[in-house]
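Below is one structure; the comments refer to it alone.
These numbers come from a predicted model, not from an experiment.
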Amino acid sequence: MERILEKIINKNIKDITLGEKASYIPELKNVPDKLGISIMTSEGTFSAGDAGYRFTFQSMSKVLMLMVALQDNGYDYVFNHVGLEPSGDSFNSISKLDFNNVIKPYNPFINAGAILTASMIRGSSYDEKLSRVRDLAECIFMRRDIGFNDGVYTSERDNANRNRALAYLLKEKGLLKGNVEEILDLYFRICSLEVSCTDLASLGHLLAFNDEKCGIDMNYLRIIKTLMLTCGMYDYSGEFAVKIGIPSKSGVSGGILSCVPGRMGIGVFSPRLDEKGNSILGVRMIEELNEELGLNIFV
Ligand SMILES: NC(=O)CC[C@H](N)C(=O)O
């Protein structure tokens, strides 16, 4: 297995400077060029390249936010407030949210939806809410040194006009309860949690095997996997599902989390993105792994 992963890294390393790093969070421009891949199967974890390098969770953390929101509030409450449909728009789009007939964000994996699920995390204080997400990360990643990237967090917080606009619109529509700035802060903090490809592979493995060891109901894990397939790659989700057929969730830091039900979890990282915000080499590596191992869930 390691030989296959090494081969994929060696094939792609020459293109490591292809594409652009995200710049709307200025600090993400300073992330070094890296290339990592990790998979976790029932036989163990296999890695190649910079699989241990830590980068920020970004949109992949929407999976964790949804886990906690569902566990805390149940299916009906969560999905009365946020939909289950792909939006077909970019992840931070605001336009559809203000159509008269739109009463909730399309899904929990676009920013509007995730800001809302972050607001559903229970706790008597900001710190308690954040600790609950940190504890879940600790359990899933099987390590106790969970950290946050302060530079990326402040950089996002200080440049978040669009997310702020989304959150205030959600408040105005009566969907968002609580203090808007505090909810946004929690959302930015969770996005800045640091993960590696091996961490993503562990999370993917938990999803792939409906593993309830960290207290998340397997029915919720099934829902999350389904949403990853239909909405996880922003407005590239449909094409990614047709071409690769693996439930995945991507983030602007350049990481992608994938899960092949019953087989494995996958984590890849490379910070340069295509025009839709997906890691160019990340997508390519998953595509090549799929060709090597036949992972498409539809064949
Ligand atoms: N696509 C992403 O990874 C987006 C996450 C980022 N923190 C944002 O809200 O814009």
> Applying disulfide bond (SG atoms under 2.5 Å apart), which residue pairs with at least one partner in residues 120-185 are found, sequence neighbours left out?
Replying inline: Cys139-Cys214
>> Assess the residue pair Asn278 and Ser250 against the criterion (side-chain hydrogen bond (donor to acceptor under 3.5 Å, both in side chains)); give the C-alpha distance rounded to whole Å, side-chain angles, the decisive distance to 0.1 Å, and a yes or no.
In response: CA-CA 6 Å; Asn278 292 310; Ser250 128; 2.6 Å; yes
>> Please check if the number of heavy atoms outside Glu20 that lie under 6.0 Å from its CD is greater than 12.
In response: no
>> Apply side-chain hydrogen bond (donor to acceptor under 3.5 Å, both in side chains) to residues Tyr77 and Asp72 and explain how you reach the verdict.
In response: CA-CA 10 Å; Tyr77 183 87; Asp72 283 356; over 6 Å; no
> Is any side-chain heavy atom of Val78 less than 4.5 Å from a side-chain heavy atom of Asn80?
Replying inline: no
>> I'd like to know if Met65 and Phe141 are part of one continuous hydrophobic network [Ile/Leu/Val/Met/Phe/Trp/Tyr, side-chain heavy atoms within less than 4.5 Å].
In response: yes
>> If hydrophobic clusters are built by linking Ile, Leu, Val, Met, Phe, Trp and Tyr wherever their side-chain heavy atoms come under 4.5 Å apart, do Ile246 and Met228 end up in the same one?
In response: no
> Hydrophobic cluster mates of Met40, side-chain heavy atoms under 4.5 angstrom, ILVMFWY only, any path?
Replying inline: Met142
> Pairs in or reaching into residues 209-257: which pass ring-ring contact (aromatic ring centres under 6.0 Å, His included), with residues at least two apart or in two chains?
Replying inline: Phe91-Tyr234, His205-Phe209
> Is the closest side-chain heavy-atom distance between Pro105 and Leu170 below 4.5 Å?
Replying inline: yes
> Same cluster or not: are Ile140 and Ile39 linked, directly or through other Ile, Leu, Val, Met, Phe, Trp or Tyr residues, by side-chain heavy atoms under 4.5 angstrom apart?
Replying inline: no
>> Let me confirm one number: the CE-CG distance from Met218 to Asn210, rounded to the nearest 0.5 Å.
In response: 4.0 Å
> Measuring from Cys191:SG to Asn149:CG, what's the distance to the nearest 0.5 Å?
Replying inline: 12.0 Å
>> Would Tyr24 and Asn159 count as a side-chain hydrogen bond (donor to acceptor under 3.5 Å, both in side chains) here? Give the steps.
In response: CA-CA 7 Å; Tyr24 78 100; Asn159 292 281; over 6 Å; no
> So, the side chain of Lys21 versus the backbone of Leu273: is there a donor-acceptor pair under 3.5 Å, distance only?
Replying inline: no
> Roughly how far, to the nearest 0.5 Å, is CZ of Arg189 from OG1 of Thr154?
Replying inline: 8.0 Å
>> Would Arg157 and Phe188 count as a cation-pi pair here, with the cationic atom under 6.0 angstrom from the ring centre and within 45° of the axis?
In response: no
> Should Lys11 and Ile8 be marked as a side-chain contact (heavy atoms from CB on, under 4.5 Å) after you check the CA-CA gap, both sets of side-chain angles, and the distance that decides it?
Replying inline: CA-CA 5 Å; Lys11 196 167 163 194; Ile8 291 174; 5.7 Å; no
> Please walk me through it: do Asp15 and Arg272 pass salt bridge (Lys or Arg N to Asp or Glu O under 4.0 Å)?
Replying inline: CA-CA 10 Å; Asp15 291 329; Arg272 292 181 188 258; over 6 Å; no
> Do Lys173 and Ile103 come close enough that some side-chain heavy atom pair is under 4.5 Å?
Replying inline: no
For residues 285-299, tabulate all N or O donor-acceptor pairs below 3.5 Å that involve a side-chain atom, not counting sequence neighbours.
| unit_1 | atom_1 | unit_2 | atom_2 | d |
| --- | --- | --- | --- | --- |
| Glu288 | OE1 | Asn12 | ND2 | 3.0 |
| Asn290 | OD1 | Leu295 | N | 2.8 |
| Asn290 | OD1 | Asn296 | N | 3.0 |
| Asn290 | ND2 | Ile244 | O | 3.3 |
| Glu292 | OE2 | Lys7 | NZ | 2.7 |
| Asn296 | OD1 | Phe298 | N | 2.8 |
| Asn296 | ND2 | Ile244 | O | 3.3 |

> Quick one: does Ser279's side chain have a donor or acceptor within less than 3.5 Å of a partner on Ser270's backbone?
Replying inline: yes
>> Test your reading of the model: is there a side-chain donor-acceptor pair from Lys225 to the backbone of Leu207, 3.5 Å cut-off?
In response: yes
> Got a second to check how far Leu227's CG is from Arg222's CZ, nearest 0.5 Å?
Replying inline: 10.0 Å
> In a check of side-chain contact (heavy atoms from CB on, under 4.5 Å) between Phe57 and each of Asp199, Leu200, Leu257, Val133, which one passes?
Replying inline: Leu200
> Taking atom CD1 of Ile256 and atom OG of Ser59, what is their separation to the nearest 0.5 Å?
Replying inline: 12.0 Å
> Does the pair Leu64 and Leu203 meet the rule for a side-chain contact (heavy atoms from CB on, under 4.5 Å), with working shown?
Replying inline: CA-CA 9 Å; Leu64 245 63; Leu203 173 52; 4.0 Å; yes
>> Assess, by modelled atom type and distance only, whether the side chains of Gln58 and Thr56 contain a donor and an acceptor separated by less than 3.5 Å.
In response: yes
Return a table of donor-acceptor pairs under 3.5 angstrom between the side chains of residues 107-123 and protein atoms on other chains or two or more places apart.
| unit_1 | atom_1 | unit_2 | atom_2 | d |
| --- | --- | --- | --- | --- |
| Asn107 | OD1 | Phe109 | N | 2.7 |
| Asn107 | OD1 | Ile110 | N | 3.2 |
| Asn107 | ND2 | Glu85 | O | 3.1 |
| Asn111 | OD1 | Lys62 | NZ | 2.5 |
| Asn111 | OD1 | Tyr187 | OH | 3.3 |
| Asn111 | ND2 | Asn163 | OD1 | 2.9 |
| Thr117 | OG1 | Ala114 | O | 3.0 |
| Ser119 | OG | Leu116 | O | 2.6 |
| Arg122 | NH2 | Asn73 | OD1 | 2.9 |

>> Are the side chains of Leu229 and Ser237 in contact, using a 4.5 Å heavy-atom criterion?
In response: no
> Hey, does the side chain of Ser23 reach the backbone of Pro26 with a donor-acceptor pair shorter than 3.5 angstrom?
Replying inline: no
> Taking atom CD1 of Ile190 and atom CG of Leu136, what is their separation to the nearest 0.5 Å?
Replying inline: 10.5 Å
>> Does this structure show an ion pair linking Arg134 with Asp127, if we count only N-O contacts that are shorter than 4.0 Å?
In response: no
> With a 4.5 Å heavy-atom cut-off, do Thr198 and Ser47 have their side chains touching?
Replying inline: yes
> Linking I/L/V/M/F/W/Y whenever any side-chain heavy atoms sit under 4.5 Å apart, do Val260 and Ile224 land together?
Replying inline: no
>> Pair Ser38, Ile266 - check side-chain contact (heavy atoms from CB on, under 4.5 Å), show working.
In response: CA-CA 6 Å; Ser38 191; Ile266 305 168; over 6 Å; no
> Does Gly178 offer a backbone N or O that forms a donor-acceptor pair with the side chain of Lys171 under 3.5 Å?
Replying inline: yes
> Is a donor on one side and an acceptor on the other found under 3.5 Å between the side chain of Gln71 and the backbone of Asp217?
Replying inline: yes
>> Run the side-chain contact (heavy atoms from CB on, under 4.5 Å) test on Leu70 and Asn219 for me, step by step, so that the C-alpha distance in whole Å, both residues' side-chain angles and the decisive distance to 0.1 Å come before the verdict.
In response: CA-CA 10 Å; Leu70 279 167; Asn219 288 315; over 6 Å; no
> Can you find a heavy atom in the side chain of Val180 that is under 4.5 Å from one in the side chain of Leu176?
Replying inline: yes
>> Can you confirm whether Glu2 sits close enough to Ile4 that some side-chain heavy atom of one is under 4.5 Å from a side-chain heavy atom of the other?
In response: no
> Would a 4.5 Å heavy-atom cut-off, applied to side chains only, mark Leu97 and Tyr106 as touching?
Replying inline: no
> Val31 and Val268: same hydrophobic cluster, using ILVMFWY side-chain contacts below 4.5 Å?
Replying inline: no
> Taking NZ, NE, NH1 and NH2 as the nitrogens, is one of them in Arg54 or Asp145 under 4.0 Å from a carboxylate oxygen of the other?
Replying inline: yes
>> Test: ring-ring contact (aromatic ring centres under 6.0 Å, His included). Region: residues 245-286. Which pairs qualify, not counting sequence neighbours?
In response: Tyr53-Phe269, Phe55-Phe269
> Within the distance-only criterion (no hydrogens, no angle test), does the side chain of Ser155 pair as donor or acceptor with the backbone N or O of Glu27 below 3.5 angstrom?
Replying inline: yes
